[in-house]
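Have a look at the structure below before the remarks.
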Amino acid sequence: MDTMKDRGAQEREVRSAAEVLTAIEDGTIVIRRSARRRKTISLKREGDRWLLAVPQRFQPAQHAESIASLLTRVEKRSARGTSSDAALLERALQLNTKYFDDGIEPVSVVWVGNQNSRFASTTSAHRTIRVSSRLTSVPGWVLDSVLVHELAHLRRPDHSAAFHALTARYPHTDRADVFLEGFSYGERSRER
């Protein structure tokens, strides 16, 4: 016997499935098919669109409810881990004071959704830092390592020994590098 609550949840699920199909039609969700992928699907944010990686013969209409469920989980996870640009700047300023404290500070530190091959980038001349929104789900100590790396670029725009001496001031740099290598590998594996 259905309760009103159960019927409401079912209607939302059906509505979400319909919304998924509409999003696929209007290009908000882009499907990338892969001959290597056999059973699994994955979803990630790519700018203002979603990229849905699927097996070659995957039929989105038959799996719209599963896609809707995955979309809901991914959105909840990213909302839980996302911080504002203001909070990111504050975090960077605190790290800058702790590890450098030499009067050189970033003017802005912002999350960006268009960095898919880098974790972050710095324009030394303008003292701006951009951090990939892919990192919203990493542990804080890993994000801190990325920020220290970019803060070091405000002082040294290269990857020289002097630059690495600056990044080594953060005690978890080596551990974070290993984490980020695995993180990158996992992202590449999901895209296949």
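Rounding to the nearest 0.5 angstrom, the gap separating the CZ atom in Phe179 from the CG atom in Leu143 is 11.0 Å. To the nearest 0.5 angstrom, Glu105 atom CD is 6.0 Å from Thr97 atom OG1. Remark: Glu150 CD to Arg130 CZ distance equals 8.5 Å, nearest 0.5 Å. Atom OG of Ser34 sits about 13.5 Å away from atom CD1 of Ile41, to the nearest 0.5 Å. With rounding to the nearest 0.5 angstrom, the CG atom of Leu151 is 13.0 Å from the NZ atom of Lys98. To the nearest 0.5 Å, the span separating CZ on Arg32 from CG on Leu52 amounts to 10.5 Å.
Residues passing the side chain to side chain contact (heavy atoms under 4.5 Å, CB included) test with Gln56 are Arg33, Ala35, sequence neighbours excluded. Remark: Phe119 engages no residue in a ring-ring contact (aromatic ring centres under 6.0 Å, His included) (not counting sequence neighbours). The ring-ring contact (aromatic ring centres under 6.0 Å, His included) check on Phe100 picks up nothing, with sequence neighbours excluded.
Side-chain atoms of Ser69 never come within 3.5 Å of backbone atoms of Glu65 as a donor-acceptor pair (strictly under, hydrogens ignored). Formation of a donor-acceptor pair under 3.5 Å by the Arg155 side chain with backbone atoms of Ile104 is found in this model. The closest donor-acceptor contact from the side chain of Thr28 to the backbone of Arg49 lies at 3.5 Å or more, if one exists at all. With hydrogens and angles disregarded, a donor-acceptor distance shorter than 3.5 Å links the side chain of Ser160 to the backbone of Phe163. For the pair Thr173 (side chain) and Thr167 (backbone), a donor-acceptor distance under 3.5 Å is present.
When all heavy atoms are compared, the tightest approach of Leu88 to Val110 is CD2-C, 3.7 Å. Between Pro60 and Ile24, the shortest heavy-atom contact is CB-CD1, 3.7 Å. The two residues Gln115 and Ala120 have their closest heavy-atom pair at OE1-CA, 3.3 Å. Across Ser137 and Phe183, no two heavy atoms sit closer than the pair OG-CE1, 4.3 Å. Nearest approach of Pro171 to Tyr99, heavy atoms of both residues: CD-OH, 3.5 Å.
The cationic atom of Arg175 (NZ for Lys, CZ for Arg) lies less than 6.0 Å from the six-membered ring centre of Trp141 and within 45° of the ring axis.
Residues His159 and His149 place their aromatic rings such that the two centres sit under 6.0 Å apart.
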Checklist entry - Should Asp101 and Asn96 be marked as a side chain to side chain contact (heavy atoms under 4.5 Å, CB included) after you check the CA-CA gap, both sets of side-chain angles, and the distance that decides it? => result CA-CA 6 Å; Asp101 201 21; Asn96 194 59; over 6 Å; no

Item to check | Worked verdict on Leu135 versus Leu180 for side chain to side chain contact (heavy atoms under 4.5 Å, CB included) | outcome: CA-CA 10 Å; Leu135 297 183; Leu180 290 167; 4.1 Å; yes

Checklist entry - Between Leu147 and Arg91, does a side chain to side chain contact (heavy atoms under 4.5 Å, CB included) hold up when you go through it step by step? => result CA-CA 9 Å; Leu147 289 170; Arg91 185 176 199 143; 4.0 Å; yes

Item to check | Stepwise side chain to side chain contact (heavy atoms under 4.5 Å, CB included) test for Val109 and Asp85 | outcome: CA-CA 7 Å; Val109 182; Asp85 290 343; over 6 Å; no

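Checked options Thr122, Thr128, Leu93; the residue passing with Pro106 is Leu93 (criterion: side-chain contact (heavy atoms from CB on, under 4.5 Å)).
Hydrophobic clustering (ILVMFWY, side-chain heavy atoms < 4.5 Å, transitive): Leu89 and Ile129 are in one cluster. Ile67 and Ile31 end up in the same hydrophobic cluster when Ile, Leu, Val, Met, Phe, Trp and Tyr side chains are linked at under 4.5 Å.
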